[in-house]
Amino acid sequence: VSYFAVNLFLVWQAVAIWTGVSLRAIALREWKVELQVVGASVVLAPLITVVMKHQPYLIILFIPVLLVFYRSALAFDESEWQSLHDPLTALPNRKALRRQAELMLGTPGDPHDGGMSSLYATGRSPAAMSFPPGRIGLFLLDLDRFKEVNDTLGHAAGDELIREVAQRLSAAVRSEDMVARLGGDEFAVLLPGLPDVEAAQQLAQRLLDAVAVPFRLHGFTLDVEAS
């Protein structure tokens, strides 16, 4: 257990330094998969020790077992991530947005949730999550003339435009804010810790300005505004 704990800490620390993401966020994002794999290894360790002492050539039989545990853990991790994210933009989806809002408002939420839903939506644990004091802002935003892009340039161009908008919105908000895609050309932004309505209006204008910059898609310059 000590070996695995130290090893994981060093690996996560290296990833944190390389990516710029906090060590805590990485650990909270990865602990479920690692717990299953490490748990299987620790449980099998005494049996492996006995086998190595008496019949060392049988150690190869444990490799498929560990691989099954590892693949199962990865599949669980991917399934949970997909349930909370939009496949086109990788932004949190409507489900993740609602759960995060319930955490901010202190509401109980879905009794079948399990309490760990925001882990992959925000990179933080609900039990340890704290939000800045102040008001909570919720922006609902959709694109103007998006249907014209699909009709004239095709749905592939429309998907590319949606991804570009998602990147701009994410770059325009603070680290504690959540940008989510609700579906189609509809987005939402959840903002904790707003001091007043004026601050919300300034952030809203920043988002509109980010989308108002012309897009270059498939050789065309597109002026797409948001409401």
Side-chain angles (χ1 to χ4, degrees), residues 12 15-16 19-35 76-143 162-211 226-227:
W12 289 343
V15 174
T19 61
V21 180
S22 69
L23 174 64
R24 181 184 179 192
I26 293 174
L28 290 173
R29 188 176 65 232
E30 300 292 339
W31 74 270
K32 284 189 177 181
V33 174
E34 298 297 345
L35 182 63
F76 173 80
D77 181 53
E78 182 178 359
S79 175
E80 183 169 13
W81 191 92
Q82 290 177 347
S83 72
L84 295 172
H85 288 79
D86 170 58
L88 179 62
T89 63
L91 290 177
N93 58 17
R94 182 191 303 267
K95 183 178 180 181
L97 178 74
R98 176 170 179 170
R99 292 177 174 180
Q100 182 76 341
E102 289 170 349
L103 285 171
M104 290 182 179
L105 297 173
T107 54
D110 186 352
H112 304 292
D113 189 359
M116 295 305 296
S117 56
S118 69
L119 179 65
Y120 289 88
T122 65
R124 287 170 287 180
S125 168
M129 188 175 297
S130 61
F131 302 105
R135 300 186 180 190
I136 298 173
L138 175 63
F139 298 159
L140 301 177
L141 179 148
D142 60 1
L143 303 180
I162 290 294
R163 286 192 290 266
E164 290 281 346
V165 171
Q167 292 176 4
R168 291 190 183 184
L169 295 179
S170 299
V173 299
R174 307 165 301 172
S175 59
E176 62 266 29
D177 302 331
M178 172 187 278
V179 179
R181 184 186 179 208
L182 303 182
D185 64 340
E186 297 179 345
F187 294 85
V189 185
L190 191 62
L191 307 102
L194 294 176
D196 48 41
V197 175
E198 287 73 18
Q201 292 173 338
Q202 292 175 3
L203 285 170
Q205 189 60 51
R206 186 194 306 171
L207 294 173
L208 294 177
D209 292 342
V211 177
S227 300

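This chain uses plain numbering: 1 for the first residue, then up along the sequence. Heavy atoms only: backbone and side chains are in, while hydrogens, waters and symmetry mates are out.
For the pair Val189 and Met178, the minimum side-chain heavy-atom distance is 4.5 Å or more. Using a 4.5 Å cut-off on side-chain heavy atoms (C-beta onward), Arg135 and Val197 make contact. A 4.5 Å side-chain heavy-atom check between Ile136 and Leu105 finds at least one atom pair inside the cut-off. Counting heavy atoms from C-beta on, the side chains of Lys95 and Leu84 come closer than 4.5 Å. Residues Phe187 and Leu169 have side chains in contact (heavy-atom distance under 4.5 Å, counting atoms from C-beta outward). At least one side-chain heavy atom of Met104 sits under 4.5 Å from a side-chain heavy atom of Gln100. For the pair Leu194 and Leu203, the minimum side-chain heavy-atom distance is below 4.5 Å.
Taken from CG in Leu191 to CZ in Phe139, the straight-line distance is 5.0 Å, to the nearest 0.5 Å. Between Leu190 atom CG and Asp177 atom CG the span is 8.0 Å, to the nearest 0.5 Å. Note that CZ of Arg163 is 9.0 Å distant from OG1 of Thr89, once rounded to the nearest 0.5 Å. One finds the OG atom of Ser227 at 12.0 Å from the CG atom of Leu140 (value rounded to the nearest 0.5 Å). Put simply, CD1 on Ile162 and CD on Gln167 are 12.0 Å apart, with the number rounded to the nearest 0.5 Å.
Arg206 has no carboxylate O lying under 4.0 Å from a charged side-chain N of Asp209, or vice versa, which leaves the two without a salt bridge.
Around CZ of Arg168, the count of heavy atoms belonging to other residues, nucleotides or ligands within 6.0 Å exceeds 12.
Checked by atom type and distance alone, the side chain of Asn93 never pairs as donor or acceptor with a backbone atom of Ala180 at under 3.5 Å. Under the 3.5 Å distance criterion, the side-chain polar atoms of Arg181 are left unmatched by any main-chain donor or acceptor of Leu91. A distance-only check finds a donor-acceptor pair linking the side chain of Arg94 to the backbone of Leu182 [under 3.5 Å].
The two atoms that bring Val211 and Ala226 nearest to each other are CG1-CB, 4.0 Å, heavy atoms only.
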